[in-house]
Amino acid sequence: MTATEAVTIFERIALLMELKEENPFKIRAYRTGAEVVENFPGPIMQLAEKNELAGIKGLGEALRDKLHEMATTGGLGFYDKLREGFSDDFFELFEVQGLGPKKIKVLHETFGISSVADLKRVCESGEVAKLAGFGSKTVVKLLESLAFRETHAQEFRGDQVAPLAEEILGMLRLHPEITRVSVAGSYRRGKETVHDLDFLVATREPKLVIEDFVGIPQVQSILGQGETKASVLLRNGLQCDLRAVSNAQFPFALQYFTGSKEHNVTLRQRALDRGLSLNEYGLKPVEGSNTVEPEVMEEGDIYRALGLSWIEPELRENSGEIQLAEKQPLPKLVELSNLRGVFHNHTTWSDGVASLEAMAEEAQELGLQYLGIADHSKSSFQANGLDAVRLLKQVEEIRALNATYDGGHFKIFAGSEVDILKDGSLDFDDEVLSQLDYVVASVHASFTLPEAEMTKRIIKAMENPYVTMLGHVSGRLLLQRPPYAVDIAAVIEAAAATGTIIELNASPWRLDMDWRWWKLAKEKGVKCSINPDAHSPRGLQDIFYGIRAARKGWLTREDIINCLPLSKVDEFLRAKFLSR
DNA sequence: GCCGTTTTCGGCCCGACTGTTTTCAGTCG
């Protein structure tokens, strides 16, 4: 059994115990256990198999034994018994916003609902509204949540897709009959969610390659298999397509299947204007035209042949990239290797799972020069938010730790993710904030304010001279929770006026501010900070997703403050305050 | 179920918001 599967089982045990109204602290222990397993920096299942898990905080005797059972037998008797009568579909109910264990219990016992589909049926029939504790507004809310889920059904976040994509790419690259390989589609374009994965290979043996592809271990079922194309369903429900073309066709197919559809429509029109016809097989002169067939060896040659500079896949959304590429080279988009540090990260001081030292170690391991800590403030009780006393103590500890880094090659910046309260005031007063290196201000409560009020609230926070940057501007959780009502354009204006940096929260759940707004922000001179919002050492690697979103937002290293070297970034953090 | 300069059983995270109620339960962060 893999660690990921064990994590799911612990999480489900917690859900089932909630349903059975077990001791809440016992439930929490399973949740903590799931987190520890998920974030463990090593082959935890191998250790579990050999009974070598002693000493790990959060995994006591009972959980260690369960992990051992899972590692050795591939199952867990305790869990099997607990979940008797509950299908896999049942657990999806816990993902519906507005529905918790108590309500699920009542619905299950009264109507026998055991899936999201069941829930929809009884909500629509009017039966639910008659239940004690439920009412018409509850039903409306539930139906809204269900509609949101349906709109995004069959979509996957980056973290659900990227590891698989890389794994499969790696396998295809090793295939002896494959000469060129790429992923295409919206994944290649860096979209925040995708509904499938498209792979493209160049080969002289398409049939053989397709046969091998449908046989890889990640495949659960084959949806279709032909001479040059196959569609499969992976174990996690993700659809995956493979197309096999000749080496000569490869650049055209790659361009075509990368899209977007709108980008390609404009491109094909442009080709026609030049007497050429572009499709997934080639770029040929149209009948009667005296244009010469361009030589195309790779994708870039197609753009060149059409009088365009290179257009990165992330920019192919038909939002002005073709018009600009006609006149000049497009901006050199930021790359992962450009990042020099990361802000907005959590530790065990609030709701993170790792210590300051462990986070700093991992940051250095990733080749970064600095790490910004920003634990939660006191209003975020659920996240063990810090009050002023604890915060200042943490600052002291950070300063002490910094003194141990020889030669000043690495630095931890002491910050806070301070809650923006309902009226736009902050959770700490200026006297406290003034003692920090930087401040991230974020909304964590009162999501339902009307747009005007929410916008005013956020802008008020940005007007505070100590607020260096604004955290996750819309509060969205991809595929799960829509953004709250806020006028982003107005927020961008205010950021420009106050000199406040806007965060690009790199968590694959958030990717907030959305890439669609960055072009505007950049035009207004607003700077971006790509923030992993890491709650564990591994979470720091979410900068991978942040970079993809930043590229999609046309950002270059000059737009992003954490591309600045340590020697310059300090000064930049203080710029807003000093300019007043 | 886990943890401990309390080493062995008691403590472990709390307030806002919403909708359903008429004093509070459930959900969320």
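Within every chain, numbering begins at 1; the chains are lettered A, B, ... in the order of the sequence lines, protein sequences first and strands thereafter.
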Whole-Å distance between [N] [atom2] and [X] [atom1]?
X: Arg31(A); N: dC28(B); atom1: CZ; atom2: C1'; value: 13 Å
X: Trp349(A); N: dC13(B); atom1: CH2; atom2: C1'; value: 18 Å
X: Gln97(A); N: dG19(B); atom1: CD; atom2: C1'; value: 16 Å
X: Lys378(A); N: dC13(B); atom1: NZ; atom2: C1'; value: 16 Å
X: Ile104(A); N: dG26(B); atom1: CD1; atom2: C1'; value: 12 Å
X: Lys141(A); N: dT20(B); atom1: NZ; atom2: C1'; value: 12 Å
X: Leu53(A); N: dC2(B); atom1: CG; atom2: P; value: 12 Å
X: Ile27(A); N: dC13(B); atom1: CD1; atom2: C1'; value: 14 Å

Kindly point out which of [options] is positioned nearest to the side chain of [X]?
X: Ser446(A); options: dC17(B), dT27(B), dG19(B); result: dC17(B)
X: Thr138(A); options: dT20(B), dG1(B), dT18(B); result: dT20(B)
X: Phe381(A); options: dC13(B), dG15(B), dG1(B); result: dG15(B)
X: Lys102(A); options: dG19(B), dC17(B), dT27(B); result: dT27(B)
X: Pro101(A); options: dT27(B), dG19(B), dG4(B); result: dT27(B)
X: Tyr30(A); options: dG1(B), dC13(B), dT18(B); result: dG1(B)
X: Ala62(A); options: dC2(B), dT20(B), dC17(B); result: dC2(B)
X: Phe25(A); options: dG19(B), dC12(B), dC2(B); result: dC12(B)

For atom [atom1], what is the distance between [N] and [M], given to the nearest Å?
N: dT7(B); M: dG1(B); atom1: P; value: 24 Å
N: dT8(B); M: dC2(B); atom1: C1'; value: 13 Å
N: dT21(B); M: dG26(B); atom1: C1'; value: 13 Å
N: dA25(B); M: dT20(B); atom1: C1'; value: 9 Å
N: dC17(B); M: dT22(B); atom1: P; value: 23 Å
N: dT6(B); M: dG15(B); atom1: P; value: 26 Å
N: dG4(B); M: dC13(B); atom1: P; value: 14 Å

Item checked: Test: Lys66(A) cationic atom under 6.0 Å from Phe10(A) six-membered ring centre, within 45° of axis -> no

Next item on the list: I would like to know whether Leu131(A) and Phe111(A) meet side-chain contact (heavy atoms from CB on, under 4.5 Å); could you show each step before the answer?
Entry: CA-CA 11 Å; Leu131(A) 276 179; Phe111(A) 302 119; 3.5 Å; yes

Notebook entry, point to check: Hey, which of these two, Ser379(A) or Leu63(A), hits DNA chain B nearer its 5' end, going by closest nucleotide?
Noted result: Leu63(A)

Margin query: With nearest nucleotide decided by heavy atoms, which residue, Gly58(A) or Leu449(A), maps closer to the 5′ end of DNA chain B?
Written below: Gly58(A)

Notebook entry, point to check: Heavy atoms under 4.0 Å, any strand shown: does Ser442(A) hit a base, just sugar-phosphate, or nothing?
Noted result: nothing

Next item on the list: Return no unless some side-chain N or O of Lys66(A) is found under 4.0 Å from OP1 or OP2 of dG1(B).
Entry: yes

Check: Below 4.0 angstrom from OP1 or OP2 of dC17(B), is there any side-chain N or O of Lys422(A)?
Finding: yes

Checklist line | Parallel, tilted or perpendicular: ring planes of Phe447(A) versus Tyr484(A), cut at 30 and 60 degrees | finding: tilted

Next item on the list: Provide the closest heavy-atom pair for Glu155(A) versus Leu479(A) in the form atom of the first, atom of the second, distance.
Entry: O-CD1, 3.4 Å

Next item on the list: For the pair Ser350(A) and Asp375(A), evaluate side-chain hydrogen bond (donor to acceptor under 3.5 Å, both in side chains) and give the outcome as yes or no after the intermediate values.
Entry: CA-CA 6 Å; Ser350(A) 68; Asp375(A) 271 313; 2.5 Å; yes

Checklist line | Side-chain heavy-atom pair Val36(A), Lys57(A) within 4.5 angstrom cut-off | finding: no

Note to self: Quick check for you: to the nearest 0.5 Å, what is the distance between Met17(A) atom CE and Arg28(A) atom CZ?
What the structure shows: 14.5 Å

